[in-house]
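Naming: A, B, ... by sequence-line order, numbering from 1 per chain.
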Protein chains: 2
Amino acid sequence: MHNASEMKSPSVSATAVTIELNAVLVALTANEPQVLTLEDGGLLPSGPFESEHPTLQSGLRAWVEQQTHHPLGYVEQLYTFADRNRAQENGRRIVSISYLGLTRERLSRGVRDPEWRNWYRYFPWEDWRAGPSPLIAKEILPRLRKWSDAAGDPALKRERRQRIDINFGDGKDHWNEELVLQRYELLYELGLVPEASSRAGSVSSPLPGMPMRHDHRRILATGIARLRAKIKYRPVVFELMPDTFTLLQLQRAIEALAGRTLHKQNFRRLIDQQGLVEETGALTSQSAGRPAKLYRFRREVMLERAVGGSKLPLSRPA
Amino acid sequence: MHNASEMKSPSVSATAVTIELNAVLVALTANEPQVLTLEDGGLLPSGPFESEHPTLQSGLRAWVEQQTHHPLGYVEQLYTFADRNRAQENGRRIVSISYLGLTRERLSRGVRDPEWRNWYRYFPWEDWRAGPSPLIAKEILPRLRKWSDAAGDPALKRERRQRIDINFGDGKDHWNEELVLQRYELLYELGLVPEASSRAGSVSSPLPGMPMRHDHRRILATGIARLRAKIKYRPVVFELMPDTFTLLQLQRAIEALAGRTLHKQNFRRLIDQQGLVEETGALTSQSAGRPAKLYRFRREVMLERAVGGSKLPLSRPA
DNA sequence: ACCTATATGCTCAATCGGAGTATTAATTAT
DNA sequence: ATAATTAATACTCCGATTGAGCATATAGGT
């Protein structure tokens, strides 16, 4: 029984840690995905969790809103980890809890430090809107192939080749836009990003793409990956859209996040099948081309659609 | 600039907290989903995070394996939260980080305290393998309807009805097996589970289904929900299966986790389309019925399949 | 009057997914 | 032994979904 009680609650002597909250705050400006950064783009906003906050999320909201003077919309937890490479002055371990936040407005516009940056500056190879990223074929794949060819064991070589294939495809097609994190981790492992420089081999001329301090670029990758996955089964894009918008604007928004172009007609078919939006009655006036209808998000569907498509071949209720 | 530096790292005076790791350990025995519990089923195994562990996951593995004397297979993080209702003797806040773990063997069999329990003892309404759970129509829906009918505002009433519908359907069909957590939370909100008794209204004769202490049943719900979602797009079931198995055994395993029955023929079609398994050449001998082929999991597919199906109507690479 | 840029409507074929029928091959009960 | 029972497997059908395009409509600009 003593064992059990040891398991059930931390002993008083349990290690004390400090909680750090990190935020990947996303907005869309001019059809470009933006993320809020600090210190010349080198850090994600982060702050301590103080015990007066009732929950972690409220703690996060508190300092984000205090810093940005703007309400924060949708928030979801990303991941928690204990950074083994960081400790505090007082020796306490730091545990980082990261969040993804979506917001409609550009916050603190023009201000120098909290600054919005296009997330593709950090991950240039993730933008396929103009076709397969040339960076992959020209810079990345050659180095990855060198790595897989360097494997002695044929089995290991096959494994490495497979891993490259899954993550980066053949440079042309078979691109899975959700693997943002895995791709970053592969590049990190091979020392192809500056953040990896403290480890083993030196960085052999790092790839294009801005680094961040600590593991903030990894956290950003996690956030992008999560968002790219989520837009497929939850109407979260609307958190980033203005109240009314045209279908093309909506399409461009999703394309910006996914880093891929969509088939216009099929996209429209999908949208109205899902009943996600309704016409406002108004039309766009300015700009070239035929005026488009304006739509608004049907907030009701947040309740209607439980989604969660089953890929399981269910049987009849009998 | 001072603002910025405040944001980037916790001040030395930042609140100290204690980390508690919780585990939802799952195994399958005789086609029933089992979860490891302590103290007569009232707690999930949990232990403190000590700073000598390089990562959170290794900390988790360490004490789980020390307690159960068995290696732990697949592990994934579930959620992190700061329980507002709990504080430690020394006043430190407790932050709980929960994990889902899958294991092939029944650990410490027959031992009294770490004990495996069928998870449907905690969530009887989640088992639809024998058809729509009668518990829902007889016990749950009547009480939920009382709640929705009690709403004065018609808009509120509609909202409540919708919420009931999404989560529990009409008692017959439209069941979404992934909403384990949302359903539990709804029941909790309405005070229909014993754990909610400390709050507002007293519990009006709680529903069937064993409670747990603290918020462990909520954590369990999170784990089940995650696993039910994951088996649809990742080959995690195999972490719970023996080395070789028949297709029916595999089907029963998935049915146990999902709480629903599958269409046998279509299930088989799906499995071999995906190329997840290969024949061993052997057949089953004992037991009634025509002998079945034995299969094994093709570990290679872990690499092959990046899966992540897109529901986006992509356009051609142009 | 054209040209260009969008918005929208519709079609067509391939594939997928849900449901069921039919047949084969073992074990168990009578 | 023979029939009943339990599984395993093979196929078929058909409606819904999805990927790709063609065609037409409606604006502003030159």
Mind calculating the distance between [atom1] ([X]) and [atom2] ([N]) to the nearest angstrom?
| X | N | atom1 | atom2 | value |
| --- | --- | --- | --- | --- |
| A:Lys264 | D:dG19 | NZ | P | 18 Å |
| B:Gln274 | C:dC16 | CD | P | 11 Å |
| A:Leu262 | D:dG19 | CG | C1' | 13 Å |
| A:Gln265 | D:dT17 | CD | C1' | 17 Å |
| A:Leu270 | D:dT17 | CG | C1' | 10 Å |
| B:Phe267 | C:dG20 | CZ | P | 19 Å |
| A:Leu283 | D:dA25 | CG | C1' | 13 Å |
| A:Leu314 | C:dG20 | CG | C1' | 16 Å |

### Query
If you find the nucleotide of DNA chain D closest to B:Gln249 and the one closest to A:Asn266, which residue's nucleotide is nearer the 5' end?
B:Gln249
### Message
Between B:Glu32 and B:Asn118, is there a side-chain donor-acceptor contact under 3.5 Å, judged purely by atom types and distance?
### Response
yes
### Query
Going by atom types only, do B:Glu76 and B:Tyr74 share a side-chain donor-acceptor pair under 3.5 Å?
yes
### salt_bridge(A:Glu177, A:Arg260) N-O dist < 4.0 Å
yes
### Task
Tell me what A:Leu247 touches on the nucleic acid: a base, only sugar-phosphate, or nothing, going by heavy atoms under 4.0 Å.
nothing
### Aromatic ring pairing A:Trp175/A:Phe168, orientation class (parallel under 30°, perpendicular over 60°, tilted between)
tilted
For residues 236-246 of chain B, tabulate all N or O donor-acceptor pairs below 3.5 Å that involve a side-chain atom, not counting sequence neighbours.
from, atom 1, to, atom 2, distance (Å)
B:Thr246, OG1, B:Leu248, N, 3.4
B:Thr246, OG1, B:Gln249, N, 3.0

#### Entry: Donor-acceptor pair (no angle test) under 3.5 Å: B:His263 side chain, C:dG17 base
no
#### Entry: C:dG17 phosphate, OP1 or OP2, under 4.0 Å from B:Arg269 side-chain N/O
no
### Query
Of the nucleotides D:dA8, D:dA10, C:dA25, which one has an atom closest to the side chain of B:Ala292?
D:dA8
### Candidate nucleotides D:dT9, D:dT18, C:dT8, ranked by approach to the side chain of A:Arg268 - the nearest
C:dT8
